[in-house]
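Down below is the structure, laid out as structure tokens.
Throughout, protein chains are lettered first and strands after them, A, B, ... in sequence-line order, and every chain is numbered starting at 1.
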Number of protein chains: 2
Amino acid sequence: MDNSRCENCIVRQFNSLRAMNKEELKKVSDSKIRKSVKKGEPLFEEGEKLNGVYCVRAGVSKLSKLSPNGKDQIVKLATKGEVMGQRSVIAEEHSNLSAVAVSDMDVCFIPKESITTTLQKNPNFTLEVLRHMAHELKEADDVIVNMSQKTVKQRIAEAFLYLKNNFGEDNDGFLALTLSREDIANVVGTATESAIRIISEFKKKGLIHTSGKKVGIKDERKLRDLAEGF
Amino acid sequence: MDNSRCENCIVRQFNSLRAMNKEELKKVSDSKIRKSVKKGEPLFEEGEKLNGVYCVRAGVSKLSKLSPNGKDQIVKLATKGEVMGQRSVIAEEHSNLSAVAVSDMDVCFIPKESITTTLQKNPNFTLEVLRHMAHELKEADDVIVNMSQKTVKQRIAEAFLYLKNNFGEDNDGFLALTLSREDIANVVGTATESAIRIISEFKKKGLIHTSGKKVGIKDERKLRDLAEGF
DNA sequence: GTAATACTATGACAATTATCAGCTTTAAAG
DNA sequence: CTTTAAAGCTGATAATTGTCATAGTATTAC
């Protein structure tokens, strides 16, 4: 199976590229550049002008924004099938987020021309992208509500559930995506020490188990109740 | 001037409807329903299935979402020229937000068919809506960062600056849009009492002046410094 | 005009969260 | 292998924010 051709790439099933026609996909495939990105390496930086988008084939990237107080807020985690940088390319603005790999990644860089010309010529594609962005906007609204109305404890509980639902567990029952305590803190918007303290507390209460950086969910029900405020 | 026809409506200049062609606009205009909404009245509720969008001709609406703890988080304020409910109609989902007028409003209800058929037939329109949504998504990201990284004091300072920039001031130097203290608290995601206390503090420090519910900005520079964290 | 009701305001206190310091463990570099 | 740096952890303390109680002040409805 030749999965270096977009036409055959399974990842495409998950994103808006599936609405492209054969010809358009061929163009994308011919112009794309495959890249490996090691854990910790940046894909692009906040304020950078993006000349294309990144289609994630494997691995996970954090999308974050530096706040005036010097802390990094993680706004989103992008994984297999997701396209990063779409927003900036569409709005013709510089990126408002930085992307850094949180695990080894395999991505395809797609020059923006392939995207913008298809946007102008293929209404199905445009509509598909639009639907996707509408969905992302809803998710962003939910994050706003969570961030402003829930306690740090609730947000951390929720973050673990999110990680389980979106990235699954490994064979030993640990969350498949391992984030540093600092990254967890940056996801929920708190100080690293506070995050660590709450993680210890969860462990004591038997909600989770840990091994090094790895975290596993032990009592999903209780964790969920906690996240919802009971 | 006949401004009961969308073709002649100035408001259209500000939103994606400007990308519609004559014929499409005619259809919209023929099917739209003009409504007056009194301050405090709802336009639609969270979870409701929307059969169309609302184009704001005058007045302001808050778009909010109930959090599990029973508090209402205001996610956005929509004003003249903005189209509400677009997201839900496009994603074919129930509304994730409630809309309530915070001042007397004059709106046009546009049945979703006019929107969805145009989305399928006019790529320019779709692209225009897409660009707009991309911009909204960026703004949502900024809100997430502010909510999670800034203190309540900073967020309130920022809210006043936002209100000045987006809705202006009246002849007496007060913010043109007057929100209740509770609404202000719900915008920044804090308890009403905390908001009141901080507003009193700002007044004492000479950053703002108040008269009843009305608030005026006295020292914009200091307010801005505070919001940025100095 | 007055009673009822909602909104604004403030104090006292409790809970949550951040900050700073120091220490231990783990991972990386030479 | 060992030295160095980074990440994880914990305690003490301060700052921020929420909650409850209470009272004054507007607004609204009758």
Side-chain angles (χ1 to χ4, degrees), chain A residues 38-41 62 67-73 100 102-104 146-159 174 178-204 208-215 226-227 229, chain B residues 38-41 62 67-73 100 102-104 146-159 174-175 178-205 208-215 226-227 229:
Chain A
K38 284 256 167 294
K39 178 175 168 174
E41 286 178 2
K62 59 178 173 183
S67 87
N69 70 15
K71 282 186 188 166
D72 217 36
Q73 176 65 37
V100 174
V102 291
S103 65
D104 290 350
N146 282 339
M147 285 298 180
S148 39
Q149 300 286 0
K150 292 193 174 179
T151 65
V152 173
K153 210 174 287 186
Q154 289 178 298
R155 271 141 52 197
I156 290 186
E158 202 156 59
F174 291 108
T178 301
L179 294 177
S180 70
R181 305 290 141 117
E182 191 183 355
D183 278 341
I184 294 174
N186 289 346
V187 166
V188 303
T190 190
T192 307
E193 298 95 320
S194 298
I196 290 175
R197 245 182 273 275
I198 288 170
I199 292 170
S200 302
E201 191 191 322
F202 283 0
K203 196 175 166 182
K204 260 185 213 135
I208 60 172
H209 55 114
T210 68
S211 166
K213 293 181 205 247
K214 285 188 287 185
V215 173
L226 201 161
Chain B
K38 284 257 166 293
K39 178 175 168 175
E41 286 178 2
K62 59 178 171 183
S67 89
N69 69 16
K71 282 187 188 166
D72 216 36
Q73 176 65 36
V100 174
V102 291
S103 66
D104 290 349
N146 282 338
M147 285 298 180
S148 40
Q149 299 288 358
K150 292 193 173 180
T151 65
V152 174
K153 211 175 286 185
Q154 289 178 299
R155 270 140 53 196
I156 291 186
E158 202 155 59
F174 290 108
L175 294 171
T178 301
L179 294 177
S180 70
R181 305 292 142 116
E182 190 183 357
D183 278 342
I184 294 174
N186 289 347
V187 166
V188 302
T190 190
T192 307
E193 297 95 319
S194 297
I196 289 175
R197 245 183 273 276
I198 289 170
I199 292 170
S200 301
E201 190 191 322
F202 283 0
K203 197 175 165 181
K204 259 184 214 137
K205 287 189 180 160
I208 60 172
H209 54 114
T210 68
S211 166
K213 293 180 204 246
K214 285 188 289 185
V215 174
L226 202 162

> Would you say the side-chain atoms of A/Ser180 pair up with the backbone N or O of A/Asp183, donor to acceptor, closer than 3.5 Å?
Replying inline: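 Yes: the side chain of A/Ser180 pairs with the backbone of A/Asp183.
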> Of A/Val152 and B/Ile199, whose nearest nucleotide on DNA chain C comes first from the 5' end?
Replying inline: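 Mapping each residue to its closest nucleotide by heavy atoms, the 5'-most match is B/Ile199.
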>> Ignoring hydrogens, what is the shortest heavy-atom contact between A/Ile208 and A/Ile199? Give both atom names and the distance.
In response: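 Answer, listing the atom of A/Ile208 first, then A/Ile199: CD1-O, 3.7 Å.
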> Which heavy atom of B/Phe202 sits nearest a heavy atom of B/Ile156, and at what distance?
Replying inline: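 Closest approach of B/Phe202 to B/Ile156, heavy atoms only: CE2-CG2, 3.8 Å.
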Please tell me if [X] has a side-chain N or O lying less than 4.0 Å from either OP1 or OP2 of [N].
X	N	result
B/Ser194	D/dT17	no
B/Thr190	D/dT17	no
B/Ser200	C/dT10	yes

>> Can you build the contact string for nucleotides 20-30 of chain C? Use B for base contact, S for sugar-phosphate-only contact, and - for no protein heavy atom under 4.0 Å.
In response: B----------
> So which nucleotide from C/dT19, D/dT16, C/dT17 ends up closest to the side chain of A/Lys71?
Replying inline: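 Of the options given, the side chain of A/Lys71 lies nearest C/dT19.
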> The side chain of A/Ala191 lies closest to which of these nucleotides: D/dC9, C/dT19, D/dG18?
Replying inline: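 So the side chain of A/Ala191 is nearest to C/dT19.
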>> Is there a side-chain contact between B/Arg181 and B/Val215 in this structure, where contact means two heavy atoms from C-beta onward sitting under 4.5 Å apart?
In response: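 A side-chain contact exists here, since the closest heavy-atom pair is under 4.5 Å.
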> For A/Thr192, which contact category applies under a 4.0 Å heavy-atom criterion: base, sugar-phosphate, or nothing?
Replying inline: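 Contact class for A/Thr192: none.
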> For A/Ser67 and A/Gln73, what are the C-alpha separation, side-chain angles and deciding distance, and is it a side chain to side chain contact (heavy atoms under 4.5 Å, CB included)?
Replying inline: CA-CA 7 Å; A/Ser67 87; A/Gln73 176 65 37; 5.6 Å; no
